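The structure under discussion appears below in the form of C-alpha cells.
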Number of protein chains: 2
Amino acid sequence: MPALDGTVVPRRRRLEPEARREQILAAAVAWFAEVGFAGTTRDLARRAGVTQALLYKYFASKAELTEAVFERVYLGRLDPRWLDELRDRRMPLHARLCRFYRQYTAAIFTYEWMRIFMWAGLAGDALNRRYLGHVGERLLAPMGQEIAAATGHAPGMEDLWNLHGGIVYIGIRRFIYRLPTPEDPGPAIDAAVARFLRAP
Amino acid sequence: MPALDGTVVPRRRRLEPEARREQILAAAVAWFAEVGFAGTTRDLARRAGVTQALLYKYFASKAELTEAVFERVYLGRLDPRWLDELRDRRMPLHARLCRFYRQYTAAIFTYEWMRIFMWAGLAGDALNRRYLGHVGERLLAPMGQEIAAATGHAPGMEDLWNLHGGIVYIGIRRFIYRLPTPEDPGPAIDAAVARFLRAP
DNA sequence: CCAGTTGTTGATCGTTTGATCACCTAAGGC
DNA sequence: GCCTTAGGTGATCAAACGATCAACAACTGG
C-alpha cells in the first residue's frame, strides 16, 4: 500500500510470536502500572499498537495477561548478592547498609514496579505479601543480625521496618502520589541509615 | 407482609432522606475502600441493603458519589489543634512529637482512610496531593522549626519526610499489604521519634 | 511466481456496566 | 378511613466490557 510520499506502508506487520508477545507484555506492564488492572483490554491494545483481538492469540484471558505482568515485574527483582554483600564484614556496617539501600531503591524505584506493587497490594494479591515476607525474613532480619554484631545492640523487627519504610516512602511519594522528591535518593538514604545507626 | 414467624416484615422501609443518604454514603466508603473506585454500583447497593436505582435518587452519578466519599474521608481528618500542641514549648520536644504522631496515626490508621487514600493516590486524585502538601507545609515544616529551636540543628524537609514515612509505613503494611503489625503503634512511634531526635 | 502457512484483523457475541423510567406503596395529615 | 406526598422498586436502555470467529494478507519454501 503506497502512502502519499511514495513509501510502502504495510497495514499489517508480521512479527515473530516471541517478539509480539514481548511487545504486548511490555505495553501491558506500562498500561496496568498507570491505570491499574481495571484498565480495559481495548485501551491496552491501542497503546500497544495492535488490535484487541490479537491479545487473545498470546494470552488466553485478561487474567493470564495480568499474571504475566506480575511475573515480569516481580521476578528477578531481588538480587541474591545483596544479602551476601550485607554480610561482608570487611566493609563497615554503615557503608554496607547505604550500599544495600542504594541498590535496592535503584531496583524498585521505577514507575512500573512501585505502582504495580501498590495496585496488587490493594487488590490483596498473595504474591505481594510473599514478596514482603521475603524482604522481612531474608533481608531485614539478617540486616538486624549485622547491626547487632557491629553495635552490640540488636534492633527489633519493628525498628527495621521503620528504617525500611522511611526509605521506601520516598518512592511512594514520587510514583504513587506524584510529589516532587530528590532525583537521587542516595543522600536521603545515607542520612536515614546514619540516624538509625546512631541510636543504641 | 407476614413472615413465617408471624412478625410483619415490610419489604420496603421508608427512611428520611438524610438517614438514607448517610447509610448509602457509609456503605460506599467501606465498599470503595475494599475494592477501589472501579467497584460496581450494583455490588455497592447490595452491600448497602438498597436497590441500585435508589443510589441515583441521592447521588446524580457514580462520580458524584465517589466525590462525596472523598469529602467524607478527607474532611476534618486533620485537627488544627495538633499544630498548636506541636508548638507548645512548655512540653519537651520529644513528648510533643510522640503525642502528635500518636494522635495523627490514631486519626488515619483506619481501614477506610488508608485504603481510600491509596486508591485515590494511584488514580492521581488532586485532593490527595493537596492533602500531602498540607501535611508538608503545615505540619512537617513547623515541626522542623520546633526541632531546630530545641536542638539547635534544623532538619531538612527530606529528613522530616523520612520520619513521617517510617511511621506511616506501619499503616501501609497493615491496611494496604495486610501484613501483621503491632496492635498499638505507640511504642514504634516513640522509638522512631527517639532515633530521629538523637541524631544531630 | 505461486501456493501454503500463519500472524493479524474487522465484525460480532453475550454479559455487565452506569443510568433512567413508569410505577408502586409506606407514612403523615385531615 | 382516606387521600396526598414522596421514598422506593423492577424493568429496561445504551454503552462498554471480555472474548470469539471466519476471513484476510504477509512471509516462506519451492
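For clarity, every value in this text was computed on a predicted model and none was experimentally measured. All values below were derived from every heavy atom in this structure, side-chain atoms included, with hydrogens, water molecules and symmetry-related copies excluded. To find a chain, count down the sequence lines: A is the first, B the second, and so on, and within it residues start at 1.
With the nearest nucleotide of DNA chain C identified for both Phe37(B) and Pro17(A), Pro17(A) has the one nearer the 5' end.
Put simply, NZ on Lys57(A) is 10 Å from C1' on dT6(C), counting in whole angstrom units. At whole-Å resolution of the value, CG in Leu15(B) and P in dT9(D) are 11 Å apart. Between Arg20(A) atom CZ and dC27(D) atom C1' the separation is 13 Å, expressed in whole Å. Distance Leu54(A) CG to dA19(D) P: 15 Å, rounded to the nearest Å. The CZ-C1' distance, from Arg21(A) to dT6(C), rounds to 18 Å in whole Å. The distance between atom CD of Glu16(A) and atom P of dT8(C), rounded to the nearest whole Å, is 10 Å. Atom P of nucleotide dG7(C) and atom CD1 of Ile24(A) are separated by 12 Å, given to the nearest angstrom. One atom, CD of Glu18(A), and another, C1' of dT6(C), lie 16 Å apart when rounded to the nearest Å.
Within 4.0 Å (heavy atoms only), Phe59(B) reaches no atom of the nucleic acid at all. Across all strands shown, Leu55(B) has no heavy atoms under 4.0 Å from either base or sugar-phosphate atoms.
Distances were taken from every side-chain heavy atom of Arg14(A) (C-beta onward) to each of dC21(C), dT8(C), dT6(C); the shortest belongs to dT6(C). When the nucleotides dT9(C), dT8(C), dT9(D) are ranked by their closest atom to the side chain of Val50(A), dT9(C) comes out on top. The side chain of Gln52(A) sits closest to dA19(D) out of dC27(D), dA19(D), dT25(C).
Note that CD of Glu146(A) is 7.0 Å distant from CZ of Arg87(A), once rounded to the nearest 0.5 Å. With rounding to the nearest 0.5 angstrom, the CG atom of Leu122(A) is 10.0 Å from the CE atom of Met114(B).
Between Tyr56(B) and dA19(C), a side-chain N or O to OP1/OP2 separation shorter than 4.0 Å is present. For the OP1/OP2 pair of dG7(C) and a distance below 4.0 Å, the side-chain nitrogens and oxygens of Tyr58(A) include no atom meeting the criterion.
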Are any protein N/O atoms closer than 3.5 Å to N/O atoms in nucleotides 15-17 of chain D? If there are, list each pair with its distance.
none

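The pair Glu34(B)-Arg47(B) counts as a salt bridge, with a side-chain nitrogen and a carboxylate oxygen less than 4.0 angstrom apart.
Ring geometry for Tyr169(A) against Tyr177(A) counts as perpendicular: the plane angle is over 60°, on a 0 to 90° scale with 30° as the lower cut.
Partner of Trp113(A) under the ring-ring contact (aromatic ring centres under 6.0 Å, His included) criterion, out of Phe175(A), Tyr131(A), Phe32(A): Tyr131(A) alone.
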Q: Walk me through it: do Glu67(B) and Lys62(B) pass the test salt bridge (charged side-chain N to carboxylate O under 4.0 Å, His left out)?
A: CA-CA 8 Å; Glu67(B) 197 66 30; Lys62(B) 186 184 178 183; over 6 Å; no

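No hydrogens or angles considered: a donor-acceptor pair under 3.5 Å links the side chains of Asn162(A) and Arg195(B).
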